[in-house]
Amino acid sequence: MRPDTPAENVDHHAEAARLERTAGLYPEDAEALLLRAAAHRELAGDRPAATALYDRLLAHPADLDNPHLVRALKAANLWEYGHEAEARAIIEGVRVAAPRDPAPWVIIAEALESHDELGTAQEALTEAATLLLPPGTAPSPSVRPVLVARHRIRRMEGLPHDDWDTQADTLHSLPVSLDELHDPKRVWSLGSENPAELRAEISRLQAELGAYREALSRPFPVAMLHWPADELSELVREYPGLAAEYPSHEEHLAAIESALRELSASGTSNLGIVRGTVPSYEAFAASEGASPADPTLLPQYATTLAARGRAVAWPPERGDGCWCGSGRGYGGCHGVDAS
């Protein structure tokens, strides 16, 4: 599906089927592809089929990058078609596991919130904030949805602001404040006959829609192709003509970091890195009817990997390991001179 396809024009059944076929062709990408397929099944109203996809992934949890995310999505989906007890059990399991990824926390909290379990949802998000935001640390972009969701639920409960609510307010950049967006009384204004009140509410809803679009939009990143040392050695051994593109592995790594910094400085956002392997590259070349020795195929390969969900965001978040695979933190490796 093209990123610019209007949602109302999407055949969710067909798109899910396409993604499932693609997952069969690229088993290394099955997790990302099947999660997208399950989302389309849910949007199509076929929730049992979505659960089947989640179960398919969870049959081999050790192979998953984020099994807690899959479990959270399964729980939210189950609850929507009457399997409340199973959903609650899965949600409790996710809470006990205390994942370090914010996404499962937000999903289980939203599932609880949608079924009027505001107190439990707020408790789960407070657990997440405590785990993911040690005292004195600034929230990374991936953690911010935890604070925003927690702010919304606490506002609905009529609780006073605490430090995390204040932090969420500070991070919020839209013209309408979070307090206004999360005001539980807003829903009543939609029934008003006062044109001024209705116009004000439309303005708030437009701002809120913008926030959701910003949070949910995941366009394909501008991705740089990274060859690990052993893969690069094999690549230039099998296809000597590509040696001109990669004089040495050290220069290859330096060129990636330099290019990404230049793109960032020019205002380009959503940058990423994809990891290449020779077998995958050869398969891609065969699918394109081209020779792997053709250097013009390399950027197309990188774009295809990114479109299949293989890109890792750049720069790494604070404290994360370097993208190059050295085992050192990014700040002490390729990010050492980053401003």
Side-chain angles (χ1 to χ4, degrees), residues 1 12-13 15-115 117 120-121 124-125 127-128 131-132 140-143 145-146 149 215-218 220-221 272 274-275 305-313 317 320:
M1 183 180 71
H12 293 294
H13 288 294
E15 187 65 14
R18 184 189 69 80
L19 288 164
E20 289 171 43
R21 290 194 300 271
T22 306
L25 295 172
Y26 302 102
E28 69 275 18
D29 298 334
E31 183 175 356
L33 292 167
L34 291 180
L35 285 179
R36 288 166 59 192
H40 282 287
R41 293 295 185 194
E42 290 191 35
L43 289 169
D46 192 352
R47 293 190 176 275
T51 294
L53 290 175
Y54 295 134
D55 286 339
R56 176 176 165 186
L57 288 168
L58 291 169
H60 304 284
D63 297 336
L64 299 177
D65 292 332
N66 197 338
H68 300 302
L69 175 61
V70 180
R71 291 189 180 97
L73 290 166
K74 178 184 174 181
N77 181 57
L78 283 169
W79 205 336
E80 289 300 318
Y81 71 108
H83 297 269
E84 178 181 344
E86 186 178 354
R88 287 182 181 276
I90 295 171
I91 287 172
E92 186 59 30
V94 172
R95 292 178 66 182
V96 170
R100 305 290 302 188
D101 176 27
W105 292 102
V106 174
I107 290 165
I108 64 172
E110 289 180 346
L112 290 162
E113 178 189 0
S114 68
H115 293 278
E117 300 278 350
T120 309
L125 290 169
E127 290 170 12
L131 177 69
L132 302 172
S140 64
S142 65
V143 176
V146 170
L216 296 175
S217 176
R218 296 292 184 271
F220 298 151
V274 291
R275 179 182 178 274
L305 289 177
R308 285 163 47 195
R310 305 301 293 177
V312 175
E317 293 184 2
D320 285 355

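Note that the structure is predicted; figures quoted are calculated from it, not measured.
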- Glu20 vs Arg41 side-chain heavy atoms within contact, under 4.5 Å: yes
- Message: If we ignore hydrogens and angles and just use 3.5 Å, is the side chain of Glu31 paired with the main-chain N or O of Asn66 as donor and acceptor?
- Response: yes
- Message: If I take atom CG from residue Leu33 and atom CG from residue Leu57, how far apart are they, to the nearest 0.5 angstrom?
- Response: 10.0 Å
- Task: Check the pair Val146, Val106 against side chain to side chain contact (heavy atoms under 4.5 Å, CB included), reporting the backbone distance first and the verdict last.
- Result: CA-CA 6 Å; Val146 170; Val106 174; 3.8 Å; yes
- Item | Residues Arg47, Thr51; criterion side chain to side chain contact (heavy atoms under 4.5 Å, CB included); working and verdict | CA-CA 6 Å; Arg47 293 190 176 275; Thr51 294; 5.5 Å; no
- Item | Interatomic spacing from CG in Leu125 to CD in Glu113 - rounded to 0.5 Å | 8.5 Å
- Between the CG atom in Leu132 and the OG atom in Ser142, the distance rounded to the nearest 0.5 Å is 8.0 Å
- Provide the closest heavy-atom pair for Leu19 versus Ala37 in the form atom of the first, atom of the second, distance. CD1-N, 3.6 Å
- Hey, are the side chains of Ile90 and Ile108 touching, using non-hydrogen atoms and a 4.5 Å cut-off? no
- Message: Give me the atom names and distance for the closest heavy-atom approach of Leu131 to Pro99.
- Response: CD2-O, 3.2 Å
- What's the spacing between Lys74 NZ and Leu78 CG if we round to 0.5 Å? 6.0 Å
- Item | Sub-4.5 Å side-chain heavy-atom contact between Arg36 and Arg18 | yes
- Message: Ignoring hydrogens, what is the shortest heavy-atom contact between Arg275 and Leu305? Give both atom names and the distance.
- Response: O-CD1, 3.7 Å
- Task: Look at the aromatic rings of Trp79 and His115 and report parallel, tilted or perpendicular, splitting at 30° and 60°.
- Result: parallel
- Output yes when a side-chain donor or acceptor of Arg310 lies under 3.5 Å from a complementary backbone atom of Glu28, and no otherwise. yes
- Query: Just wondering, do Trp105 and Arg95 contact through their side chains at under 4.5 Å, heavy atoms?
  - Reply: yes
- Query: Does Leu35 reach the side chain of Leu69, with side-chain heavy atoms less than 4.5 Å apart?
  - Reply: yes
- Task: Mind listing the closest non-hydrogen atom pair of Ala38 and Ala50 along with its distance?
- Result: O-CB, 3.6 Å
- Message: Quick check: closest heavy atoms across Ser114 and Ala111, and the distance to 0.1 Å?
- Response: OG-O, 2.8 Å
- In short, Ala306 meets Val274 closest at the heavy-atom pair N-CG1, 3.8 Å
